[in-house]
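Predicted model, so just to flag it, every value in this text is computed and none were measured. We name chains A, B, ... by the order of the sequence lines, and we start the count at 1 in each one.
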Protein chains: 2
Amino acid sequence: MSNSNIEDEKIINRLYEIHRRTAPKFESCTGISQTRLELLHELYEVEKISQRALQKKVNIDHAAVTRHLKQLEDKGMVIRRKDPKDQRFTYVSLSEEGRLKIIHYREEKERFISGVLHDFSEEERKTLLKMLTRIQRNIEIFE
Amino acid sequence: MSNSNIEDEKIINRLYEIHRRTAPKFESCTGISQTRLELLHELYEVEKISQRALQKKVNIDHAAVTRHLKQLEDKGMVIRRKDPKDQRFTYVSLSEEGRLKIIHYREEKERFISGVLHDFSEEERKTLLKMLTRIQRNIEIFE
DNA sequence: GCTCAATCATTGATACGTCAACTAATTTAA
DNA sequence: TTAAATTAGTTGACGTATCAATGATTGAGC
(Lines give C-alpha, C1' and ligand atoms only; values in the text may rest on other atoms or scores of the structure.)
Protein backbone atom coordinates (compact mmCIF):
# COMPACT_ATOMS: atom_id res chain seq x y z
CA MET A 1 0.00 0.00 0.00
CA SER A 2 2.43 2.64 1.15
CA ASN A 3 4.90 1.25 -1.33
CA SER A 4 2.59 1.56 -4.29
CA ASN A 5 1.66 5.03 -3.14
CA ILE A 6 5.21 6.14 -3.60
CA GLU A 7 5.14 4.83 -7.13
CA ASP A 8 1.85 6.55 -7.82
CA GLU A 9 3.29 9.76 -6.51
CA LYS A 10 6.12 9.43 -8.96
CA ILE A 11 3.63 9.27 -11.80
CA ILE A 12 1.98 12.51 -10.78
CA ASN A 13 5.31 14.19 -10.16
CA ARG A 14 6.58 12.98 -13.49
CA LEU A 15 3.58 14.43 -15.27
CA TYR A 16 4.21 17.72 -13.57
CA GLU A 17 7.89 17.76 -14.35
CA ILE A 18 7.32 16.79 -17.96
CA HIS A 19 5.17 19.82 -18.39
CA ARG A 20 7.63 22.15 -16.75
CA ARG A 21 10.42 20.93 -18.96
CA THR A 22 8.38 20.69 -22.13
CA ALA A 23 6.96 24.19 -22.19
CA PRO A 24 10.21 26.15 -22.57
CA LYS A 25 11.79 23.56 -24.85
CA PHE A 26 8.78 23.44 -27.09
CA GLU A 27 8.88 27.16 -27.50
CA SER A 28 12.58 27.40 -28.16
CA CYS A 29 12.32 24.63 -30.74
CA THR A 30 9.24 25.74 -32.58
CA GLY A 31 9.43 29.49 -32.01
CA ILE A 32 5.94 29.65 -30.53
CA SER A 33 4.19 28.52 -27.40
CA GLN A 34 2.04 25.42 -27.33
CA THR A 35 -1.11 27.34 -26.52
CA ARG A 36 -0.61 29.87 -29.23
CA LEU A 37 0.10 27.23 -31.83
CA GLU A 38 -3.05 25.44 -30.78
CA LEU A 39 -5.03 28.61 -31.35
CA LEU A 40 -3.48 29.09 -34.77
CA HIS A 41 -4.13 25.47 -35.60
CA GLU A 42 -7.81 25.84 -34.89
CA LEU A 43 -7.92 28.96 -37.03
CA TYR A 44 -6.15 27.08 -39.77
CA GLU A 45 -9.00 24.60 -39.95
CA VAL A 46 -11.74 27.13 -40.54
CA GLU A 47 -12.34 30.25 -42.55
CA LYS A 48 -13.35 32.23 -39.48
CA ILE A 49 -14.58 31.60 -36.00
CA SER A 50 -15.86 33.62 -33.06
CA GLN A 51 -13.56 34.05 -30.08
CA ARG A 52 -16.11 32.33 -27.94
CA ALA A 53 -16.22 29.24 -30.16
CA LEU A 54 -12.45 29.24 -30.36
CA GLN A 55 -12.20 29.46 -26.60
CA LYS A 56 -14.43 26.42 -26.24
CA LYS A 57 -12.24 24.46 -28.62
CA VAL A 58 -8.94 25.14 -26.95
CA ASN A 59 -10.53 25.15 -23.55
CA ILE A 60 -8.49 27.83 -21.85
CA ASP A 61 -9.75 30.90 -20.05
CA HIS A 62 -11.52 33.64 -22.02
CA ALA A 63 -9.09 36.22 -20.77
CA ALA A 64 -6.11 34.29 -22.03
CA VAL A 65 -7.74 33.85 -25.43
CA THR A 66 -8.39 37.56 -25.75
CA ARG A 67 -4.80 38.41 -24.90
CA HIS A 68 -3.27 35.85 -27.21
CA LEU A 69 -5.39 36.97 -30.10
CA LYS A 70 -4.56 40.60 -29.54
CA GLN A 71 -0.89 39.82 -29.63
CA LEU A 72 -1.25 37.64 -32.68
CA GLU A 73 -3.13 40.48 -34.31
CA ASP A 74 -0.32 42.89 -33.46
CA LYS A 75 2.07 40.50 -35.14
CA GLY A 76 -0.13 40.48 -38.22
CA MET A 77 -0.90 36.79 -38.05
CA VAL A 78 -4.56 37.13 -37.31
CA ILE A 79 -7.46 39.35 -38.31
CA ARG A 80 -10.28 40.22 -35.94
CA ARG A 81 -13.53 41.97 -36.72
CA LYS A 82 -16.91 42.28 -35.11
CA ASP A 83 -19.93 40.53 -36.49
CA PRO A 84 -22.14 43.28 -37.99
CA LYS A 85 -25.25 41.22 -37.23
CA ASP A 86 -24.39 40.77 -33.58
CA GLN A 87 -21.75 43.11 -32.32
CA ARG A 88 -21.05 41.02 -29.27
CA PHE A 89 -19.20 38.52 -31.41
CA THR A 90 -15.68 39.03 -32.65
CA TYR A 91 -14.71 36.86 -35.56
CA VAL A 92 -11.14 35.79 -35.96
CA SER A 93 -9.34 34.47 -39.01
CA LEU A 94 -5.79 33.76 -40.10
CA SER A 95 -4.07 36.37 -42.24
CA GLU A 96 -2.17 35.25 -45.31
CA GLU A 97 1.04 35.68 -43.41
CA GLY A 98 -0.31 33.65 -40.52
CA ARG A 99 -1.35 30.90 -42.86
CA LEU A 100 2.15 30.72 -44.27
CA LYS A 101 3.96 30.88 -40.97
CA ILE A 102 1.91 28.20 -39.30
CA ILE A 103 3.20 25.65 -41.76
CA HIS A 104 6.70 26.18 -40.53
CA TYR A 105 5.63 26.05 -36.91
CA ARG A 106 3.90 22.77 -37.45
CA GLU A 107 6.95 21.21 -39.06
CA GLU A 108 9.00 22.19 -36.05
CA LYS A 109 6.36 20.82 -33.76
CA GLU A 110 6.44 17.49 -35.56
CA ARG A 111 10.18 17.40 -35.21
CA PHE A 112 9.83 18.09 -31.53
CA ILE A 113 7.25 15.39 -31.04
CA SER A 114 9.29 12.87 -32.97
CA GLY A 115 12.20 13.55 -30.67
CA VAL A 116 10.15 13.17 -27.54
CA LEU A 117 8.62 9.88 -28.66
CA HIS A 118 11.45 8.56 -30.79
CA ASP A 119 11.96 5.36 -28.83
CA PHE A 120 8.28 4.49 -28.56
CA SER A 121 6.82 1.75 -30.71
CA GLU A 122 3.50 2.17 -32.44
CA GLU A 123 1.99 -0.12 -29.85
CA GLU A 124 3.43 1.84 -26.96
CA ARG A 125 2.16 5.11 -28.33
CA LYS A 126 -1.34 3.72 -28.50
CA THR A 127 -1.16 2.42 -24.97
CA LEU A 128 0.22 5.68 -23.69
CA LEU A 129 -2.42 7.79 -25.37
CA LYS A 130 -5.17 5.63 -23.95
CA MET A 131 -3.75 5.89 -20.48
CA LEU A 132 -3.36 9.63 -20.66
CA THR A 133 -6.90 9.96 -21.89
CA ARG A 134 -8.12 7.97 -18.93
CA ILE A 135 -6.14 10.13 -16.55
CA GLN A 136 -7.53 13.25 -18.08
CA ARG A 137 -11.02 11.93 -17.60
CA ASN A 138 -10.33 10.94 -14.04
CA ILE A 139 -9.10 14.41 -13.26
CA GLU A 140 -12.13 15.99 -14.84
CA ILE A 141 -14.64 13.91 -12.93
CA PHE A 142 -12.70 13.97 -9.68
CA GLU A 143 -14.72 15.34 -6.75
CA MET B 1 3.09 8.53 -41.31
CA SER B 2 0.85 11.56 -41.26
CA ASN B 3 -1.74 9.45 -39.52
CA SER B 4 0.54 8.43 -36.70
CA ASN B 5 1.69 12.01 -36.35
CA ILE B 6 -1.80 13.05 -35.47
CA GLU B 7 -1.85 10.43 -32.74
CA ASP B 8 1.53 11.53 -31.46
CA GLU B 9 0.31 15.07 -31.35
CA LYS B 10 -2.57 13.96 -29.20
CA ILE B 11 -0.14 12.52 -26.70
CA ILE B 12 1.72 15.80 -26.34
CA ASN B 13 -1.50 17.78 -26.20
CA ARG B 14 -2.88 15.41 -23.62
CA LEU B 15 0.18 15.85 -21.45
CA TYR B 16 -0.24 19.56 -21.68
CA GLU B 17 -3.91 19.51 -20.89
CA ILE B 18 -3.45 17.13 -18.00
CA HIS B 19 -1.12 19.59 -16.41
CA ARG B 20 -3.42 22.54 -16.94
CA ARG B 21 -6.32 20.68 -15.36
CA THR B 22 -4.33 19.07 -12.59
CA ALA B 23 -2.69 22.15 -11.15
CA PRO B 24 -5.82 23.98 -9.95
CA LYS B 25 -7.57 20.79 -8.90
CA PHE B 26 -4.60 19.61 -6.94
CA GLU B 27 -4.45 22.86 -5.08
CA SER B 28 -8.15 23.04 -4.30
CA CYS B 29 -8.10 19.45 -3.04
CA THR B 30 -4.97 19.55 -0.98
CA GLY B 31 -4.90 23.21 -0.01
CA ILE B 32 -1.39 23.72 -1.35
CA SER B 33 0.32 23.81 -4.70
CA GLN B 34 2.25 20.87 -6.03
CA THR B 35 5.55 22.74 -6.07
CA ARG B 36 5.18 24.03 -2.57
CA LEU B 37 4.25 20.63 -1.21
CA GLU B 38 7.29 19.20 -2.92
CA LEU B 39 9.46 21.75 -1.18
CA LEU B 40 7.90 20.94 2.17
CA HIS B 41 8.30 17.26 1.51
CA GLU B 42 12.02 17.64 0.96
CA LEU B 43 12.28 19.66 4.13
CA TYR B 44 10.37 16.96 5.95
CA GLU B 45 13.05 14.44 5.11
CA VAL B 46 15.92 16.37 6.61
CA GLU B 47 16.70 18.40 9.68
CA LYS B 48 17.86 21.36 7.64
CA ILE B 49 19.11 22.06 4.17
CA SER B 50 20.55 24.96 2.24
CA GLN B 51 18.34 26.68 -0.32
CA ARG B 52 20.80 25.77 -2.99
CA ALA B 53 20.67 22.06 -2.17
CA LEU B 54 16.91 22.22 -1.94
CA GLN B 55 16.72 23.90 -5.31
CA LYS B 56 18.76 21.11 -6.85
CA LYS B 57 16.42 18.53 -5.39
CA VAL B 58 13.20 20.02 -6.64
CA ASN B 59 14.84 21.27 -9.78
CA ILE B 60 13.01 24.53 -10.28
CA ASP B 61 14.47 27.96 -10.74
CA HIS B 62 16.40 29.58 -7.87
CA ALA B 63 14.16 32.60 -7.98
CA ALA B 64 11.04 30.54 -7.53
CA VAL B 65 12.56 28.69 -4.61
CA THR B 66 13.46 31.92 -2.87
CA ARG B 67 9.97 33.29 -3.29
CA HIS B 68 8.23 30.14 -2.14
CA LEU B 69 10.37 29.88 0.95
CA LYS B 70 9.80 33.50 1.85
CA GLN B 71 6.08 32.98 1.67
CA LEU B 72 6.26 29.75 3.63
CA GLU B 73 8.30 31.62 6.22
CA ASP B 74 5.65 34.34 6.41
CA LYS B 75 3.09 31.63 7.06
CA GLY B 76 5.23 30.27 9.85
CA MET B 77 5.77 26.89 8.26
CA VAL B 78 9.45 27.27 7.66
CA ILE B 79 12.47 28.74 9.41
CA ARG B 80 15.36 30.28 7.53
CA ARG B 81 18.68 31.40 8.89
CA LYS B 82 22.09 32.10 7.47
CA ASP B 83 24.94 29.76 8.05
CA PRO B 84 27.27 31.57 10.46
CA LYS B 85 30.26 29.77 8.97
CA ASP B 86 29.43 30.81 5.43
CA GLN B 87 26.97 33.62 5.17
CA ARG B 88 26.21 32.90 1.56
CA PHE B 89 24.18 29.90 2.55
CA THR B 90 20.70 30.11 3.95
CA TYR B 91 19.59 27.05 5.79
CA VAL B 92 15.94 26.13 5.80
CA SER B 93 14.03 23.86 8.12
CA LEU B 94 10.43 23.00 8.88
CA SER B 95 8.84 24.66 11.89
CA GLU B 96 6.85 22.55 14.30
CA GLU B 97 3.68 23.89 12.77
CA GLY B 98 4.93 23.08 9.29
CA ARG B 99 5.77 19.57 10.35
CA LEU B 100 2.26 19.07 11.63
CA LYS B 101 0.51 20.60 8.67
CA ILE B 102 2.41 18.70 6.05
CA ILE B 103 0.93 15.47 7.33
CA HIS B 104 -2.52 16.64 6.44
CA TYR B 105 -1.41 17.89 3.05
CA ARG B 106 0.11 14.57 2.22
CA GLU B 107 -3.04 12.70 3.12
CA GLU B 108 -4.99 14.91 0.77
CA LYS B 109 -2.41 14.40 -1.92
CA GLU B 110 -2.72 10.65 -1.57
CA ARG B 111 -6.45 10.92 -1.89
CA PHE B 112 -6.03 13.00 -4.99
CA ILE B 113 -3.60 10.58 -6.58
CA SER B 114 -5.83 7.62 -5.77
CA GLY B 115 -8.65 9.35 -7.57
CA VAL B 116 -6.61 10.13 -10.62
CA LEU B 117 -5.28 6.58 -10.93
CA HIS B 118 -8.21 4.70 -9.47
CA ASP B 119 -8.90 2.57 -12.55
CA PHE B 120 -5.26 1.67 -13.20
CA SER B 121 -4.00 -1.78 -12.34
CA GLU B 122 -0.68 -2.28 -10.66
CA GLU B 123 0.71 -3.42 -13.96
CA GLU B 124 -0.57 -0.40 -15.80
CA ARG B 125 0.88 1.98 -13.26
CA LYS B 126 4.27 0.45 -13.69
CA THR B 127 4.06 0.68 -17.45
CA LEU B 128 2.91 4.26 -17.29
CA LEU B 129 5.65 5.36 -14.94
CA LYS B 130 8.27 3.77 -17.14
CA MET B 131 6.91 5.49 -20.19
CA LEU B 132 6.75 8.88 -18.51
CA THR B 133 10.28 8.46 -17.29
CA ARG B 134 11.43 7.76 -20.82
CA ILE B 135 9.61 10.82 -22.11
CA GLN B 136 11.16 12.97 -19.47
CA ARG B 137 14.59 11.75 -20.46
CA ASN B 138 13.87 12.32 -24.12
CA ILE B 139 12.87 15.87 -23.42
CA GLU B 140 15.96 16.50 -21.38
CA ILE B 141 18.37 15.21 -23.99
CA PHE B 142 16.49 16.67 -26.92
CA GLU B 143 18.60 18.97 -29.10
C1' DG C 1 47.07 40.91 1.58
C1' DC C 2 44.48 42.03 -2.43
C1' DT C 3 42.18 41.39 -6.57
C1' DC C 4 39.42 38.34 -9.37
C1' DA C 5 36.44 34.55 -9.84
C1' DA C 6 32.97 31.64 -8.02
C1' DT C 7 28.93 30.73 -5.33
C1' DC C 8 24.36 31.62 -3.11
C1' DA C 9 20.54 34.42 -2.75
C1' DT C 10 17.58 38.10 -4.13
C1' DT C 11 15.22 41.13 -7.21
C1' DG C 12 13.33 42.78 -11.68
C1' DA C 13 11.30 41.95 -16.10
C1' DT C 14 8.48 39.08 -18.71
C1' DA C 15 5.09 35.41 -19.86
C1' DC C 16 0.95 33.18 -19.24
C1' DG C 17 -2.81 31.03 -16.73
C1' DT C 18 -6.72 31.75 -13.31
C1' DC C 19 -10.83 34.21 -11.38
C1' DA C 20 -13.63 38.21 -10.71
C1' DA C 21 -15.41 42.54 -12.05
C1' DC C 22 -16.83 45.27 -15.70
C1' DT C 23 -18.75 47.00 -20.40
C1' DA C 24 -21.45 46.53 -24.33
C1' DA C 25 -24.83 44.24 -27.11
C1' DT C 26 -28.72 41.41 -27.42
C1' DT C 27 -32.63 38.57 -25.86
C1' DT C 28 -36.40 37.49 -22.78
C1' DA C 29 -40.41 38.18 -20.58
C1' DA C 30 -43.64 41.02 -17.75
C1' DT D 1 -41.85 48.40 -24.61
C1' DT D 2 -38.96 48.49 -21.26
C1' DA D 3 -36.42 46.27 -17.25
C1' DA D 4 -33.86 42.22 -16.19
C1' DA D 5 -31.13 38.44 -17.58
C1' DT D 6 -27.82 36.57 -20.72
C1' DT D 7 -23.85 36.56 -23.59
C1' DA D 8 -19.19 38.01 -25.59
C1' DG D 9 -15.33 40.26 -24.79
C1' DT D 10 -12.04 43.07 -22.07
C1' DT D 11 -9.44 44.42 -18.15
C1' DG D 12 -7.36 44.07 -13.49
C1' DA D 13 -5.38 41.52 -9.75
C1' DC D 14 -2.89 37.67 -8.54
C1' DG D 15 0.15 33.46 -8.62
C1' DT D 16 4.13 31.41 -10.23
C1' DA D 17 7.66 29.89 -13.65
C1' DT D 18 11.56 31.62 -16.51
C1' DC D 19 15.89 34.29 -17.47
C1' DA D 20 18.99 38.04 -16.57
C1' DA D 21 21.13 41.26 -13.63
C1' DT D 22 22.67 42.46 -9.13
C1' DG D 23 24.37 42.00 -4.27
C1' DA D 24 26.88 39.79 -0.73
C1' DT D 25 30.18 36.60 0.83
C1' DT D 26 33.89 33.58 0.33
C1' DG D 27 37.94 31.32 -1.87
C1' DA D 28 42.07 31.16 -4.97
C1' DG D 29 46.13 32.74 -7.02
C1' DC D 30 49.56 36.07 -7.45
Side-chain angles (χ1 to χ4, degrees), chain A residues 13 15-40 48-75 78-92 139, chain B residues 16-40 48-75 78-92 139:
Chain A
N13 289 346
L15 282 168
Y16 183 37
E17 180 125 358
I18 285 174
H19 169 261
R20 266 203 5 256
R21 303 249 160 267
T22 301
K25 214 138 200 177
F26 183 94
E27 187 154 353
S28 68
C29 285
T30 64
I32 194 169
S33 79
Q34 210 165 344
T35 299
R36 216 168 270 196
L37 185 49
E38 209 177 326
L39 284 167
L40 291 178
K48 62 175 186 174
I49 187 173
S50 76
Q51 288 195 188
R52 175 75 182 129
L54 182 57
Q55 183 271 323
K56 277 182 184 156
K57 286 207 177 208
V58 300
N59 207 17
I60 64 173
D61 194 84
H62 312 79
V65 172
T66 293
R67 286 169 185 135
H68 277 300
L69 290 175
K70 278 190 162 182
Q71 291 176 58
L72 289 168
E73 192 181 32
D74 288 346
K75 290 189 181 183
V78 141
I79 296 160
R80 298 194 307 154
R81 65 170 66 95
K82 291 203 168 187
D83 182 349
K85 314 264 182 193
D86 186 339
Q87 304 247 355
R88 285 173 305 182
F89 286 80
T90 299
Y91 275 90
V92 193
I139 290 170
Chain B
Y16 184 38
E17 180 124 359
I18 284 174
H19 169 261
R20 264 201 10 253
R21 303 251 161 268
T22 301
K25 215 140 201 174
F26 183 94
E27 188 155 352
S28 69
C29 285
T30 64
I32 195 169
S33 78
Q34 210 164 343
T35 298
R36 216 167 271 196
L37 185 49
E38 209 178 326
L39 285 168
L40 291 179
K48 62 174 187 174
I49 187 172
S50 76
Q51 286 196 191
R52 176 73 182 130
L54 182 57
Q55 183 272 324
K56 277 181 184 157
K57 286 208 176 207
V58 300
N59 206 16
I60 64 173
D61 193 85
H62 311 79
V65 172
T66 293
R67 287 171 184 133
H68 277 300
L69 290 175
K70 276 188 164 183
Q71 291 176 59
L72 288 169
E73 191 182 32
D74 287 347
K75 290 189 181 183
V78 142
I79 297 161
R80 296 196 306 154
R81 64 171 66 96
K82 292 204 166 185
D83 183 350
K85 315 265 182 194
D86 186 339
Q87 304 248 356
R88 286 171 303 182
F89 286 80
T90 300
Y91 275 89
V92 193
I139 290 170

Polar pair under 3.5 Å, donor/acceptor by atom type, side chain A/Arg67, base C/dT14: no
Measuring from the side chain of B/Asp86 (C-beta onward, heavy atoms only), which nucleotide among D/dT26, D/dT16, D/dT10 has the closest atom? D/dT26
Taking CG from B/Leu69 and P from D/dG15, how many angstroms apart are they, rounded to a whole number? 17 Å
Over all strands shown, is B/Ala63 touching base, sugar-phosphate only, or nothing at heavy-atom distances under 4.0 angstrom? base
Would you mind classifying the nucleic acid contact of A/Asp61 as base, sugar-phosphate or nothing, using non-hydrogen atoms under 4.0 angstrom? base
Nearest to the A/Thr35 side chain among C/dT10, C/dG17, D/dA17, which nucleotide is it? C/dG17
Walking DNA chain D from its 5' end, the first of A/Arg52 and A/Pro24 to be reached, judged by nearest nucleotide, is A/Arg52
For B/Tyr16, which contact category applies under a 4.0 Å heavy-atom criterion: base, sugar-phosphate, or nothing? sugar-phosphate
To the nearest Å, how far apart are B/Gln55 CD and D/dC19 P? 11 Å
5'-most by nearest nucleotide on DNA chain D - A/Arg80 or A/Arg21: A/Arg80
Find the distance between CZ (B/Arg88) and CG (B/Asp83) and round it off to the nearest 0.5 Å. 10.0 Å
Indicate, with a heavy-atom threshold strictly under 4.0 Å, whether A/Gln34 touches base, sugar-phosphate, or nothing. nothing
Just verifying a value: how many Å separate B/Leu54 CG and B/His68 NE2, rounded to the nearest 0.5 Å? 10.5 Å
So B/Thr90, base contact, sugar-phosphate only, or nothing? Heavy-atom distance under 4.0 Å. sugar-phosphate
